[in-house]
Amino acid sequence: QVQLEESGGGSVQAGGSLTLSCTASTYTGSTNCMAWFRQAPGKEREGVANIDSDGSTRYADIAQGRFTISKDNAKNTLYLRMNGLKPEDTAMYYCAADTAPCSRLIATMFRELEYRYWGQGTQVTVSS
């Protein structure tokens, strides 16, 4: 069982930056795939980015060029650096993980069923 806890959310003005953290209860090198998702009010949860144990990353279109996913296995922590934030980035951000490698298929890489473990989320609010 892997427990995930997000932190780093908050309120920021448009154009600002935030770094989210997700601390895992086990060695993040053993969780082959880790990811960030988000859910805005009234919308479905959507994938943002994922990262494999070898450090390879994949981003959803909403994150390309603005967000960076990374992890520090020594600290059992996953990060999401978000730059150029927009009001439409306002959402609850969730960390997710699985012991299987990340799917490389566009159709499934951000399918929620691919991730067995989930955090409780951290709120990000971007004001205009």
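We're numbering straight along the sequence, starting at 1.
Looking at residues two or more places apart in sequence or on another chain, you find a side-chain hydrogen bond (donor to acceptor under 3.5 Å, both in side chains) between Thr108 and Ser103.
Between Tyr79 and Asp72 the shortest heavy-atom distance is CE1-CB, 3.9 Å. Shown here for Tyr115 and Cys33, the closest heavy-atom pair between the two residues is CE2-SG, 3.5 Å. Summarising the geometry of Arg81 relative to Ser17, their closest heavy-atom pair is NH2-CB, 3.5 Å, with the distance given to 0.1 Å. Nearest heavy-atom pair, Lys75 versus Thr77, reported as atom, atom and distance to 0.1 Å: O-OG1, 2.8 Å. Pairing each heavy atom of Ala24 with each of Leu4, the nearest pair is CB-CD2, 3.8 Å. The nearest pair of heavy atoms linking Arg58 to Phe110 is O-CZ, 3.9 Å.
No more than 12 heavy atoms of other residues, nucleotides or ligands sit less than 6.0 Å from atom CD of Glu44.
When the side chains of ILVMFWY residues are joined at heavy-atom separations under 4.5 Å, either directly or via intervening members, Val124 and Tyr94 end up in two distinct hydrophobic clusters. Both Ile62 and Ile51 belong to a common hydrophobic cluster when Ile, Leu, Val, Met, Phe, Trp and Tyr are linked at side-chain heavy-atom distances under 4.5 angstrom. A single hydrophobic cluster is not seen to contain both Phe37 and Val2; linkage of ILVMFWY side chains at heavy-atom distances under 4.5 Å, directly or through other members, places them apart.
Remark: the backbone N or O of Val126 is paired with a side-chain donor or acceptor of Thr90 at under 3.5 angstrom. A donor-acceptor pair is defined here as one N or O able to donate and one able to accept, closer than 3.5 Å; no such pair exists between the side chain of Gln120 and the backbone of Glu6. Within the 3.5 Å criterion, the main-chain N or O of Met34 finds no donor-acceptor partner in the side chain of Tyr117. Remark: side-chain polar atoms of Gln3 are not paired, donor with acceptor, to backbone N or O of Ser25 under 3.5 angstrom. Between the side chain of Asn76 and the backbone N or O of Thr23 there is no donor-acceptor pair closer than 3.5 Å. Here the side chain of Asp52 pairs a donor or acceptor atom with the backbone of Cys102 at under 3.5 angstrom. Within the 3.5 Å criterion, the main-chain N or O of Gly84 finds a donor-acceptor partner in the side chain of Arg66. Using modelled atom types, no side-chain atom of Gln13 and backbone atom of Ser127 make a donor-acceptor pair closer than 3.5 Å.
Rounding to the nearest 0.5 Å places CG of Asn50 at 12.0 Å from CG of Asn32. Atom CG of Asp98 sits about 7.5 Å away from atom CD of Glu114, to the nearest 0.5 Å. With rounding to the nearest 0.5 Å, the separation of CZ in Arg38 from CD in Gln123 is 11.5 Å. Between the CG atom in Leu80 and the OG atom in Ser21 there is a gap of 9.5 Å [rounded to 0.5 Å].
A 4.5 Å side-chain heavy-atom check between Cys95 and Trp36 finds at least one atom pair inside the cut-off.
Applying the side chain to side chain contact (heavy atoms under 4.5 Å, CB included) test between Phe67 and each of Asp89, Leu20, Leu18 identifies Asp89 as the sole match.
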Please test Thr68 against Tyr59 for side chain to side chain contact (heavy atoms under 4.5 Å, CB included), starting from the C-alpha separation and ending with a verdict.
CA-CA 8 Å; Thr68 303; Tyr59 294 90; 3.8 Å; yes

